[in-house]
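Structure record follows, encoded as structure tokens.
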Amino acid sequence: MEKIILVVDMDAFFASVEQKTNPRLRGKPIAVIGSGGRTVVTTRSYEARKYGVKTGMNIYEAKKLCPDLIFVIGDNEKYTYTCREFCRIYNRFTPDIEVYSIDEAFLDITASQHLFGGPEAIGISIKKSIREQFGINCTIGIGPNILIAKLASDLAKPDGLMWIKQDDMGTALENIPASELWGIGSQIEKKLALLGIRTCGELARAPASLLRSRFGILGEILKAMGQGIWDRPFIVKEEDPKSIGHSMTLPTDISDREKVETYLLKLSEMVGKRARKHEYIGKTISLTIRYADFETFSKQAKIQDCTNDTHVIYERAVKLLDSIRLKDRIRLLGICLSDLVKDTNQIPLIEEERRRRSILQAMDLINDRYGDFKLTWASYITQKRNAGVISPSWRPSGVKSVRVK
Amino acid sequence: MKVVVSKDEIQEKLSNIQNIVEKRNTMPILSHFLLDAGKKESYIIATDLETALKEPLRIKVEKEGKICIPARKMFEIVREIEGELIWESVDDQWIKIKAGASNFRLACLSSKEFPAWPGMEDMEEISVNAKVLMETIEKTVYSAGESDTRYTLNGLLFHVMPGVKITVVGTDGHRLALIIKNIDGNLKEEKKLIIPKKAAAELRKLLDKTEENIRVTLCKNHILFTVGEIQFLTRLIEGTYPNYEQVIPSNNEKKIMVQREEFAKTLRRVAIMSKERSNAVKMDLSENLISITSSNPDIGEARDEITVEYKGEDLSVGFNARYLIDILEAMSSERIVMELQAPLSPVLIKEEKNEDYQCVIMPMRI
């Protein structure tokens, strides 16, 4: 049976939520930004897009393009709440849902569409419910797989609905630039262009041997993508996480060792706490540093005993820092725990460590109840709050469900 | 410099230093050994800055000299050659190697670059039998940590008492092994020295070749073992070792007597189905019986039983099977004694009728 996949993509999600909750922002060019001193545009309203304001621009660039632009500091709690509510709507039509990101979801409606009058009827119902409940527009794309459904939603944006059927795929794809396909980024686009391939039609007709010699195994996948064939499975149940990490752009570039260490402690606590909450321990700790000039690199170290202890993570990160000769001020710091396994619950032999573990447990309980960092290490108190931009990989459940309060 | 060496003499000496010379390319000089050829005595030294090995050489010195030779390459050359070799330095940078019709030219480094043998302070000496020392290392080294952030755990504690007794301890924070032995010598006061795990493992290999007494020179920052003619020096790990005496449970009431080998075999069987890394097995203890189970949701389950000598209440405890197996393999008595108290309290394991070798493991929460 032909599969029917439906993609729901929110239009300017964060900006739409802000415009809905604050009537004075409606119809105006707005940009949602983080709360830190130097943040970037995370989403901009359709009114702002007309001026050329783009995601990732800093405040000054954006303001130059659109002097009337209103900056709104993002409220992550609002977005995560709304995203969870959307899932309830999707659930009325199918249980097979993958929340791909905070503003995008994939629904497999193959088996259930006939109950609701067909794919388009489902799309219209979802649009209507979201509009009525939240006052937000979204675009629906429908197709025989995620690749095509996603393309349909991209083509139909904003506030649209498009269904590309299996039989119409060839015609629909023929003149579409290959770079419009999900997964074909600027690097692959450049390489394809060198082979004279620009559209999906050209990609579909390109000799498999040519693509394979240029891209290896990926070549065959690319050719199939040009034909609109792609069988990425749904990730309905969250897979075991490979890593748990946090990073933050600092309010100002720093080089002071003590300050760097304080941020490392905070990041270690964020990583450790999340790992403890989901009962994972990890063997590899990596430290990411971005210099003021945006040069970014990571260094990692393995430890013998898997851990999720804030202090062990912190000490390893500091040791990694010791091994680096800093050549510039630091703009961003990140810590990541990987090589994860489920916590073995091995009890430590040394009394002090059992005590430290109990302290962490107690801290976690208190912070779960009263909010993160309510009880924290004294050395962190002098620090300001971080920018607080929600990660695009946020999910409504599982390890990626970071609390944003 | 010009010397004549026999393959038999040099191959063994070069083999001894292969694990000490640095394989990573951080400091090129550390991948070399120093050859000091003198009319009176000749020796080679290799070091990784933590440990150093000095071996005298019986060679014919035609012309005296010192040079640093790549350890790995020279070892490879010697292995492939029969009979005698002639080493002749061209200058500071090159030596020629000749054996029959074979000729090599090998790039070297100046002897001036080689790290100096450290000075020794506050020396005191004790004497230990090689086999006894080897036993203390073998029975504790598996318990020691590796690249742990609590760096003192990455070594073995040598606790030397003036009453001519030595206690060697290894722990990785989850398990601990301790062995007590008598030694000869006279110390002013007790000493606690932490020897890096890698150095202990290297020393163990050297000890394998002799039955004699080993001279152990204790210093402030170093410890020197004289094994026959070979001198093995290692830097000590600074810091305070955890209080091991506190960790050993003294009043565990539930005592079990069990056949060592049978117990190890049973554990190995059950561990096949345990979760990777955690190796968790559950032991249900009842009168004269332990049943051991494991399960892994992705693979399946296992259950096995072993009869033991035990009278008392039932008890269920979770363990990392690897920790138990390591201990059982290190022990040598036919039967062992396991002393437990509660599901989450430390467990003491001893050889039957031997109080001088004690192992402790901490259970897992199951």
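Below, chain A is the first sequence line, B the second, and so on; all start at residue 1.
- The CD atom of A/E315 sits 9.5 Å away from atom CZ of B/R150, with the distance rounded to the nearest 0.5 Å.
- Residues B/H174 and A/D305 have side chains in contact (heavy-atom distance under 4.5 Å, counting atoms from C-beta outward).
- Once rounded to the nearest 0.5 Å, the distance linking CD of B/E146 with NZ of A/K302 reads 13.0 Å.
- Interatomic distance, A/E351 CD to B/Q246 CD, rounded to the nearest 0.5 Å: 7.0 Å.
- Around the NZ atom of A/K342, the shell of radius 6.0 Å holds more than 12 heavy atoms that belong to other residues, nucleotides or ligands.
- Distance check, rounded to the nearest 0.5 Å: CZ of B/R365 to CD of A/Q346 gives 10.5 Å.
- For the atom pair OH of B/Y244 and CG of A/L349, the computed distance is 14.0 Å after rounding to the nearest 0.5 Å.
- A donor-acceptor contact shorter than 3.5 Å is absent between the side chain of A/E353 and the backbone of B/G173.
- Applying the 6.0 Å contact sphere to NZ of B/K198 captures more than 12 heavy atoms from other residues, nucleotides or ligands.
- Note that CD1 of B/I361 and CD1 of A/I347 are 11.0 Å apart. Values are rounded to the nearest 0.5 Å.
- Of the atoms belonging to A/D309, not a single heavy atom falls under 4.5 Å from chain B.
- Contact annotation for B/L344: both backbone and side-chain heavy atoms come within less than 4.5 Å of a heavy atom of chain A.
- In this structure, B/K265 places its NZ atom where only 12 or fewer heavy-atom neighbours from other residues, nucleotides or ligands lie under 6.0 Å away.
- The number of heavy-atom neighbours closer than 6.0 Å to CD of A/E352, taken from other residues, nucleotides and ligands shown, is 12 or below.
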